[in-house]
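Some notes on the structure that comes next.
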Amino acid sequence: MFGKQVRIHNSVALPLLVTMNRTLGYSRVSTSKQLSDSQIKLLKGAGCEETFVDVQSGATRNRSELAKLLDMLCDGDTILVVKLDRLSRSLQDLLSIAREIEEKGAHLRSLQDPLIDTTSPNGKLIFGIFAVIAEYERDIIRARTLEGLSAARARGQRLGRQEALNQKQKDKVLKLRSCGQSLRKIAQIFGVSKTTIQCYVRLADT
């Protein structure tokens with residue numbers, strides 16, 4: 001908010017509060033060894049009043065500076081990134097962030113991806129296409145997963161987590177246990193946890 005002096009009847013000066021749309025930068029590097037200086041310089045040169053920097057993988061949405069930036073967005077503001085992958089490495093996550101920005105009446109721009117500019121109709125269209133592609137990708141993955149499970153069942157495969165020991169090994173476990181071998185020692189022999197051995201022994205006793 002900025003104050004601006006306005007004269008009324010040549011005698012009284014009253015402050016008129018006007019809202020200025022802000023351009024806010026976002027920069028991300030994956031490790032502390034990488035430098036965000038070049039990103040910040042580009043964002044500042046493009047008119048960013050403030051830049052939020054995360055040192056974290058783009059694969060996770062849980063980023064403190066991004067959360068802070070999204071929380072302070074106002075209607076008409078613009079988030080500017082040097083490249084779209086600085087904001088997210090996942091299309092699904094990117095669309096989620098873009099929706100949150102849009103819900104606040106704000107915009108998203110990318111310096112190196114000129115088509116990504118939701119201040120323009122073309123930019124909004126691009127994100128609409130992204131959303132359709134993401135939904136199509138989800139449907140394809142879902143269909144392939146179901147087909148794979150169906151084919152596995154048809155081949156008689158057991159689905160789910162593979163057991164740590166096969167039947168021959170389980171028989172050996174019970175034999176060692178009956179000979180007085182400790183659970184810990186048996187677990188070491190087969191390279192599994194003591195809890196796993198306890199489970200097999202308990203099931204054999206039921």
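Keep in mind the model is a prediction, meaning the values are calculated, not measured.
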Test of understanding: clusters of I, L, V, M, F, W, Y form through side-chain heavy atoms closer than 4.5 Å, transitively. Do [X] and [Y] belong to the same one?
X: L108; Y: F52; answer: yes
X: I79; Y: L94; answer: yes
X: L84; Y: L42; answer: no
X: L176; Y: L165; answer: yes
X: V82; Y: L80; answer: yes

Measuring only between side-chain heavy atoms, which start at C-beta, is [X] closer than 4.5 Å to [Y]?
X: L69; Y: D71; value: no
X: L73; Y: I101; value: yes
X: L115; Y: N122; value: no
X: I197; Y: V173; value: yes
X: V53; Y: I40; value: yes
X: R109; Y: I116; value: no
X: R177; Y: Y200; value: no
X: L66; Y: I97; value: yes

Could you report the tightest heavy-atom contact between [X] and [Y], atom names first, then the distance?
X: V29; Y: Q39; value: CG1-NE2, 3.8 Å
X: R22; Y: D77; value: NH2-OD2, 2.5 Å
X: G47; Y: T23; value: O-CB, 3.9 Å
X: R89; Y: R86; value: NH2-NH2, 3.2 Å
X: A106; Y: C74; value: CB-O, 3.9 Å

Look at [X] together with [Y] and state whether they make a salt bridge at an N to O cut-off of under 4.0 Å.
X: D93; Y: R63; answer: yes
X: R28; Y: D54; answer: no
X: K68; Y: E65; answer: yes

Check the surroundings of atom [atom1] in [X]: do more than 12 heavy atoms from other residues, nucleotides or ligands lie under 6.0 Å from it?
X: K172; atom1: NZ; value: no
X: N62; atom1: CG; value: no
X: Q181; atom1: CD; value: yes

Please report the interatomic distance [atom1]([X]) to [atom2]([Y]), rounded to the nearest 0.5 Å.
X: L91; Y: S96; atom1: CG; atom2: OG; value: 11.0 Å
X: K170; Y: C199; atom1: NZ; atom2: SG; value: 9.0 Å
X: T78; Y: E49; atom1: OG1; atom2: CD; value: 10.5 Å
X: E103; Y: E100; atom1: CD; atom2: CD; value: 7.0 Å
X: T51; Y: K44; atom1: OG1; atom2: NZ; value: 9.0 Å
X: Y26; Y: S110; atom1: OH; atom2: OG; value: 13.5 Å

Please check: side-chain N/O of [X] versus main-chain N/O of [Y], any donor-acceptor pairing under 3.5 Å?
X: D171; Y: K168; answer: no
X: K104; Y: L70; answer: yes
X: N166; Y: Q169; answer: yes

* Is there a donor in the side chain of T119 and an acceptor in the side chain of D117, or the other way round, less than 3.5 Å apart? ->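 The criterion, which ignores hydrogens and geometry beyond distance, is satisfied for D117 and T119.
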